[in-house]
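In what follows, a single structure is set out as structure tokens and then discussed.
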Amino acid sequence: MSGLGLAIDTTFDDTSVALLRGKHQVLANLTLSQIAQHAEFGGIVPERASRKHLEAIHPLLEHALHQAQVRLDQVDYVAVSNLPGLLGSILVGMTVAKSLAYALKRPLIGVNHIEAHPYANFLVHGDLPLPLVHLVAAGGHTLLLLQERHLEFRIIGRSVDDAAGECVDKVAKMFGHPFPGGPVVDRLALEHAPGPYAFPRPMLHDGGLDFSFSGLKTAMLYFLREHQGRLPPEGPVLSAFFEAVLDVLVSKTLRAAKRHGVAGVALSGGLAASRKLQGRFAAECGAAGLACHVPPPALCTDNAAMVACLAAYRHEAGLHDGLDLEAYPNLPA
Ligand code: KG4
Ligand code: ZN
């Protein structure tokens with residue numbers, strides 16, 4: 001039995017606290033977005049993010065305990081994302097988690113935020129059959145992971161430059177949309193057919209599983225320069241752009257599934273909240289005879305419940321960390 005877990009995630013611009021009973025019963029999952037606090041700067045300002053996490057974390061923790069109707073001394077383990085992200089932001093969550101683990105005399109569990117994203121699927125869909133290929137499409141990372149056993153991931157594909165989410169956010173910004181641009185691009189792609197614009201599908205035909213999205217971003221920059229003063233309506237342009245992103249994500253994920261002989265793929269990360277993306281995956285996985293799993297939107301974007309779920313598996317396996325746990329801004333090479 002994996003008991004009652006408390007999890008904290010402050011890796012980027014969301015402060016999130018969750019309480020999880022066992023592996024699947026979410027008692028509370030509260031996330032405070034900082035987006036409005038950074039809007040005037042057009043992106044996330046790291047120093048400001050740390051300060052906002054510091055202001056938010058204690059009230060959020062109290063709220064979560066209240067909502068879950070549990071006391072701190074009932075918590076069996078304390079989990080925290082210790083990589084990757086903004087170092088100053090991660091340190092806020094880690095300091096709170098370490099203090100609680102020490103004061104409560106409970107084990108501390110450090111979680112890789114990128115490995116936590118796929119666990120949103122296990123959280124809501126139960127123990128899905130393994131092996132699985134995961135497409136993790138978060139803001140800062142686009143990864144294909146092969147998972148044959150719980151808590152063990154092998155990176156089989158990754159972006160060699162920008163993540164897909166980052167590319168979508170930057171392109172949306174070129175059109176004057178506020179950060180994060182994913183939701184507006186998704187909406188426009190649902191409402192408009194792709195216009196006749198030839199955006200590149202980087203690395204689509206290289207036979208490999210790695211991604212590259214910075215060329216697509218540059219292609220949009222050139223497109224805007226070329227059409228200065230006579231820009232076509234943004235809907236069909238952004239719809240064509242998003243189709244290029246999805247063509248690459250879908251075909252590489254299906255290629256990975258075929259190459260590794262898995263029966264199912266699972267999507268996670270903020271970009272997986274896209275209805276357009278989900279529709280494409282559902283159709284093409286269906287045609288290929290693959291199961292396709294995706295969490296509800298609130299569990300695609302950053303949240304501490306996915307961190308708690310991964311930690312529940314670790315707690316059950318007795319895999320705990322010491323109070324000397326360190327924070328890392330990057331994924332291991
Ligand atoms: O996983 P996430 O919340 O944060 C990171 O771990 O980075 O992912 C954020 C990314 C951003 O690129 C954002 O634009 C995108 O997810 N996103 C969406 C949607 N919600 C968030 N993209 C498309 N449709 C959405 N509904
Ligand atoms: Zn994330």
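Numbering of ligands and ligand atoms starts at 1, following listing order.
Residue contacts with ligand 1: Gly269 is placed with no nitrogen or oxygen under 3.5 Å of a nitrogen or oxygen of the ligand (distance criterion only). At a 3.5 angstrom cut-off on N or O pairs, Phe12 does not count as close to ligand 1. Looking at ligand 1, you'll find an N or O of Gly139 within less than 3.5 Å of one of its N or O atoms. For ligand 1, none of its N or O atoms has an N or O atom of Ala137 under 3.5 Å away. Not a single N or O atom of Glu166, backbone or side chain, sits closer than 3.5 Å to an N or O atom of ligand 1.
Residue-ligand proximity, Thr301 to ligand 1, at heavy-atom distances under 4.0 Å covers atoms 3 (O), 20 (N), 21 (C). Heavy-atom proximity to His117, at under 4.0 Å, picks out these atoms of ligand 1: 1 (O), 6 (O). Per-residue contacts place Gly182 under 4.0 angstrom from the following atoms of ligand 1 (heavy atoms of the residue considered): 14 (O), 18 (C), 22 (N), 23 (C), 24 (N). Heavy-atom proximity to Pro180, at under 4.0 Å, picks out these atoms of ligand 1: 13 (C), 14 (O). Annotation for ligand 1: atoms under 4.0 Å from non-hydrogen atoms of Gly165 are 12 (O). Annotation for ligand 1: atoms under 4.0 Å from non-hydrogen atoms of Gly140 are 7 (O). If you number the atoms of ligand 1 from 1 as listed, the ones under 4.0 Å from a heavy atom of Ala138 come out as 1 (O), 5 (C), 6 (O), 7 (O), 8 (O).
A salt bridge links Lys252 with Asp206: the distance from a Lys NZ or Arg NE/NH1/NH2 to an Asp or Glu carboxylate oxygen falls below 4.0 Å. Using a cutoff of 4.0 Å between basic side-chain nitrogens and carboxylate oxygens, Glu55 and Arg51 are not scored as salt-bridged.
With contacts defined as side-chain heavy-atom distances shorter than 4.5 Å, the pair Phe213/Val168 does not qualify. Between Leu20 and Leu123 the shortest side-chain heavy-atom distance falls below 4.5 Å.
The OD1 atom of Asp302 and the NE2 atom of His113 meet at the Zn ion (ligand 2) at an angle of about 90°, given to 10°.
Side-chain N or O atoms of Ser81 include none that pairs as donor or acceptor with a backbone N or O of Asn112 at under 3.5 Å. Not one N or O on the side chain of Asp73 forms a donor-acceptor pair closer than 3.5 Å with the backbone of Leu104.
Within a 6.0 Å radius of CD in Gln74, more than 12 heavy atoms belonging to other residues, nucleotides or ligands are found.
Contact annotation: for Asp302 versus ligand 1, heavy atoms closer than 4.0 Å belong to both the backbone and the side chain. Only side-chain heavy atoms of Asp186 come within less than 4.0 Å of ligand 1; its backbone N, CA, C and O stay farther off. For His113, every heavy-atom contact with ligand 1 shorter than 4.0 Å involves the side chain, none the backbone.
Nearest protein heavy-atom contact of atom 19 (C) of ligand 1 is Gly270 O, 3.5 Å. In terms of protein heavy-atom proximity, atom 12 (O) of ligand 1 is closest to Asp169 OD2, 2.8 Å.
For the pair Leu30 and Ala64, the tightest heavy-atom approach, listed with the atom from each and the gap, is CD1-N, 3.5 Å. Across every non-hydrogen atom of Asp169 and Gly181, the tightest pair is OD1-N, 3.0 Å.
Side chain to side chain, Tyr119 and His150 meet the donor-acceptor criterion of an N or O pair below 3.5 Å.
Shown are Thr142, Asp162, Asp161; of these, the side chain to side chain contact (heavy atoms under 4.5 Å, CB included) with Phe211 is made only by Thr142.
The CD1 atom of Ile114 lies 5.0 Å from the NE2 atom of His141; values are rounded to the nearest 0.5 Å.
With 2.8 Å as the limit, His141 does not count as an N, O or S neighbour of the Zn ion (ligand 2).
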